[in-house]
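Report on the following structure.
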Amino acid sequence: QVQLVESGGGLVQAGGSLRLSCAASGSIFSADVQAWYRQVPGKQRELVASITRSNTINYADSVKGRFTISRDNAKNTVYLQMNSLEPEDTAVYSCYLFMGRSIWGQGTQVTVSL
């Protein structure tokens, strides 16, 4: 059973950058979709970025041009490079993949200060 572990979250000033990593405990080569979601308390979980097995990539409008999703199948890891961070990006970011079933990571906190 594949498990996901996120890392790379933290506190950063507005305009700064962070790179989130999502390491899988097993091969994710056959995953249909890999994605990053984020959630703020009291609000619905939001899809930030996704990448399919055929390398189709989608971004939320709010992060286009600032965030980049990528993956390294050899390392079973998905990344989210976040640049030009804004206070509105503050949230818990969770890794997700679908491989016959939905699998979620535990989440990592990203806090962007003014």
Which value, rounded to the nearest 0.5 Å, describes the distance between [X] atom [atom1] and [Y] atom [atom2]?
X	Y	atom1	atom2	result
Ile28	Thr77	CD1	OG1	6.5 Å
Asp32	Ile51	CG	CD1	13.0 Å
Asn76	Leu4	CG	CG	10.0 Å
Ile57	Gln34	CD1	CD	10.5 Å
Asn58	Ile69	CG	CD1	9.5 Å

In one Ile/Leu/Val/Met/Phe/Trp/Tyr side-chain cluster, 4.5 Å: [X], [Y]:
X	Y	result
Val78	Met99	yes
Tyr37	Val63	no
Tyr79	Leu18	no

Looking at every heavy atom in both [X] and [Y], which two are closest together, and how far apart are they?
X	Y	result
Glu6	Gln106	OE1-OE1, 2.7 Å
Ala31	Arg53	O-CB, 3.4 Å
Val2	Ile103	O-CG2, 3.6 Å
Val110	Met82	CG2-CE, 3.9 Å
Ser50	Val33	CB-CG1, 4.3 Å
Ala49	Leu80	CB-CD1, 4.1 Å

Pairs flagged by salt bridge (Lys or Arg N to Asp or Glu O under 4.0 Å) wherever residues 68-82 is involved - sequence neighbours left out: none

Per-pair distances, 0.1 Å, donor-acceptor, side chain in residues 90-98, under 3.5 Å, sequence neighbours excluded:
residue, atom, partner, partner atom, Å
Thr90, OG1, Pro87, O, 3.0
Thr90, OG1, Val112, N, 2.9
Thr90, OG1, Val112, O, 3.4
Tyr93, OH, Arg38, NH1, 2.9
Tyr93, OH, Asp89, O, 2.6
Tyr96, OH, Ser102, OG, 3.0

Which is it for Ser62 and Glu86 under the side-chain contact (heavy atoms from CB on, under 4.5 Å) test, yes or no, and what are the steps along the way? CA-CA 10 Å; Ser62 59; Glu86 304 168 353; over 6 Å; no

Going through the checks in order, is the side-chain contact (heavy atoms from CB on, under 4.5 Å) test met by Gln3 and Val5? CA-CA 7 Å; Gln3 294 182 321; Val5 178; 5.6 Å; no

Tell me if the aromatic rings of Phe67 and Trp36 count as close, with their centers under 6.0 Å from one another.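 Ring centroids of Phe67 and Trp36 are no less than 6.0 Å from each other.
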
Is there a side-chain contact between Gln81 and Ser17 in this structure, where contact means two heavy atoms from C-beta onward sitting under 4.5 Å apart?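 SC-SC contact between Gln81 and Ser17 confirmed.
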
Kindly indicate, with the supporting measurements, whether the criterion side-chain contact (heavy atoms from CB on, under 4.5 Å) is fulfilled by Val12 and Ser113. CA-CA 6 Å; Val12 64; Ser113 63; over 6 Å; no

